[in-house]
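So the structure is just underneath, and the comments pick up after that.
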Amino acid sequence: MRYTSTRADLDQDFSTVVASGLAPDGGLYLPQEIPQITPEDLAHLADADYATCLSFVGRLFDGGALDAQAWDRLARRALKGFRHPAIAPLNQLAPRHWLLELFHGPTLSFKDYGLQPLSSLLSELAAHDGRPLFILGATSGDTGSAALAAFRGKANARIVILHPHGRVSDVQRRQMTTLNDDNILNIAVEGSFDDCQRIVKALLDQRSAQKREAVLSVNSINWGRLLFQTAYYVHMGARLGRPFALSVPSGNFGNALSAVLAAKMGVPIHHLIVATNANRALSRIFETGETVKGTVQSTLSPAMDIQIPSNLERLLYILNNCDAKITCNQMEEFARDGRLALPGDWRKSLPLSLESFSVTDKEVLECIKDTYANTDRVIDPHTAVAVAAANRAKGAGDLTILSVSTAHPAKFPEAVESALGISPLVPALLRDLHKLEERFTITEPTIEAVAAAIG
């Protein structure tokens with residue numbers, strides 16, 4: 001298993017790819033070939049636990065970097081802090097509609113399912129060869145806390161997380177800023193998540209070029225994140241044993257792209273519903289075939305307040321029949337002109353059917369209210385985006401639909417209380433957050449200001 005870039009023909013090994021961020025040409029890494037999972041593999045995994053499935057998926061992509069025993073050890077260590085024995089349980093909403101709960105990790109977000117294994121993987125690989133590890137990420141809400149939980153206190157490592165000042169929930173912010181480990185720096189950028197993401201990409205390039213550190217991205221531009229996110233879709237395919245549909249709340253498109261990759265591997269995901277909030281970059285491009293850079297709107301689902309989804313580049317590369325030159329030209333035009341178009345026959349290049357919907361804040365509140373009235377289940381606003389979109393979908397037909405629940409409702413108490421008139425139950429992990437001192441630095445949305453704050 002070797003890896004290439006979306007912008008140039010490269011030949012990189014697994015260890016190099018997962019211990020970095022952007023490819024040297026500024027593109028994103030993808031496998032040169034997508035490994036295949038047979039129906040026999042899925043049948044074998046049908047009764048396996050989540051750790052076994054995670055280990056199985058990791059071995060498909062690692063090119064022999066680790067043996068089976070190392071993967072099993074890695075998987076069980078990565079899942080140690082999860083609070084549900086099933087790791088990724090299903091809960092029923094309607095006869096053909098289920099929630100896939102991905103909020104049972106250490107920070108109550110689906111980002112734990114990618115970042116806890118990534119941290120364990122780097123420990124197994126010792127991929128940075130003794131050099132200091134510099135970890136950099138931008139967060140629209142949950143990536144930051146999940147990354148900090150995964151890498152806090154690590155020897156010979158420093159982690160810096162940027163978040164848009166005032167544009168994440170109070171709980172999300174405090175999950176990051178109340179940690180007092182010496183290797184952590186939180187920076188609040190006076191701008192949008194897109195500003196944070198732009199700055200992170202530039203600084204990753206700068207610090208990688210200096211070669212003094214091993215520079216790692218923890219955003220979904222890191223291939224390891226997507227690799228480990230495919231594991232829960234493989235797990236669901238094995239458990240269900242039949243074709244199904246997914247409704248995925250999408251901002252940066254990493255979680256939805258993981259579903260596309262899983263389908264290409266052979267998981268029976270036959271239909272994908274890409275659910276967005278009022279920031280319609282994704283729903284627009286899938287409805288019309290093109291999109292333009294817009295102004296980020298603040299919504300009740302802040303982790304999806306994104307107008308420039310990074311992982312569209314990986315999808316574009318796949319739709320371009322893996323032609324790096326065409327993809328590079330399109331991304332350069334997007335950076336210059338703010339416009340991006342999919343190939344005219346793009347739907348034929350996907351392993352599944354796809355539809356996309358934009359969900360307003362009003363619809364989010366109505367969905368939280370209706371879900372509680374019909375099932376006694378409290379959902380967070382991001383999950384509500386997925387559920388509302390699934391309820392409007394036409395393309396799933398008679399398939400079972402799994403709506404991906406990406407965060408615990410207690411992380412967004414204001415939205416839940418606005419919808420229901422009651423606050424969600426607060427897990428023990430969050431109860432003392434408001435008693436702890438916060439530590440973060442506020443900067444202007446420029447590369448120079450953030451670089452100065454990092455030092």
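Nothing fancy with the numbering, it's 1 onward along the sequence.
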Note to self: Check this for me, if you would: do D170 and R173 make a salt bridge, where the nitrogen-to-carboxylate-oxygen distance has to be below 4.0 angstrom?
What the structure shows: yes

Item checked: Residues K293 and D337 bridged, charged N to O under 4.0 Å -> no

Check: Got a salt bridge between R280 and E287, using NZ or NE/NH1/NH2 to carboxylate O under 4.0 Å?
Finding: yes

Notebook entry, point to check: With sequence neighbours left out, which residue pairs that include part of residues 260-293 fulfil the ring-ring contact (aromatic ring centres under 6.0 Å, His included) condition?
Noted result: F253-F286, F286-W346

Notebook entry, point to check: What orientation do Y113 and Y232 show, parallel under 30°, tilted 30 to 60°, or perpendicular over 60°?
Noted result: perpendicular

Margin query: Less than 4.0 angstrom from a charged side-chain N to a carboxylate O is my criterion; do E290 and R284 meet it?
Written below: no

Checklist line | Set of residues satisfying ring pair (Phe, Tyr, Trp, His ring centres under 6.0 Å) with respect to F334, sequence neighbours excluded | finding: none

Notebook entry, point to check: L136 and V218: side chain to side chain contact (heavy atoms under 4.5 Å, CB included), yes or no, with the steps?
Noted result: CA-CA 6 Å; L136 184 62; V218 288; over 6 Å; no

Margin query: Test: ring-ring contact (aromatic ring centres under 6.0 Å, His included). Region: residues 52-80. Which pairs qualify, not counting sequence neighbours?
Written below: F61-W223

Note to self: Tell me whether E355 is salt-bridged to K394, with the criterion being a basic N under 4.0 Å from an acidic carboxylate O.
What the structure shows: no

Check: Charged N to carboxylate O under 4.0 angstrom, R77 versus D72?
Finding: no

Checklist line | Lys/Arg-Asp/Glu bridge criterion (N-O < 4.0 Å) met for E101, R377 | finding: yes

Check: Of all residues at least two apart in sequence or in a different chain, which pass the ring pair (Phe, Tyr, Trp, His ring centres under 6.0 Å) check with H163?
Finding: none

Margin query: Would you say that more than 12 heavy atoms from the other residues, nucleotides or ligands in this model lie under 6.0 Å from the CG of D47, or not?
Written below: no

Notebook entry, point to check: Going by distance alone, is a donor N or O of one side chain under 3.5 Å from an acceptor N or O of the other, for Q36 and D41?
Noted result: no

Check: Would a line drawn from the ring center of F82 to the ring center of Y50 be shorter than 6.0 Å?
Finding: no

Notebook entry, point to check: Is there a side-chain contact between N186 and L148, using heavy atoms and a 4.5 Å cut-off?
Noted result: yes

Margin query: Assess whether a salt bridge exists between K435 and D432, defined as any Lys/Arg side-chain N lying under 4.0 Å from an Asp/Glu carboxylate O.
Written below: yes

Check: Does anything in residues 378-435 pair up under ring-ring contact (aromatic ring centres under 6.0 Å, His included), and if so which pairs, sequence neighbours excluded?
Finding: F103-H408, H382-F412

Note to self: Any side-chain to backbone donor/acceptor pair from N222 onto V18? Under 3.5 Å, distance only.
What the structure shows: yes

Item checked: Of all pairs that satisfy side chain to side chain donor-acceptor pair (under 3.5 Å), the ones with a partner from residues 236-250, not counting sequence neighbours -> R242-T400

Check: Is a side-chain donor-acceptor pair under 3.5 Å present for T299 with S301?
Finding: yes

Note to self: The test is salt bridge (Lys or Arg N to Asp or Glu O under 4.0 Å); show your working for R73 and D67 and say whether it passes.
What the structure shows: CA-CA 10 Å; R73 182 170 62 245; D67 60 25; 5.4 Å; no

Notebook entry, point to check: Do E333 and R339 sit within salt-bridge range, that is, some charged N less than 4.0 Å from a carboxylate O?
Noted result: no

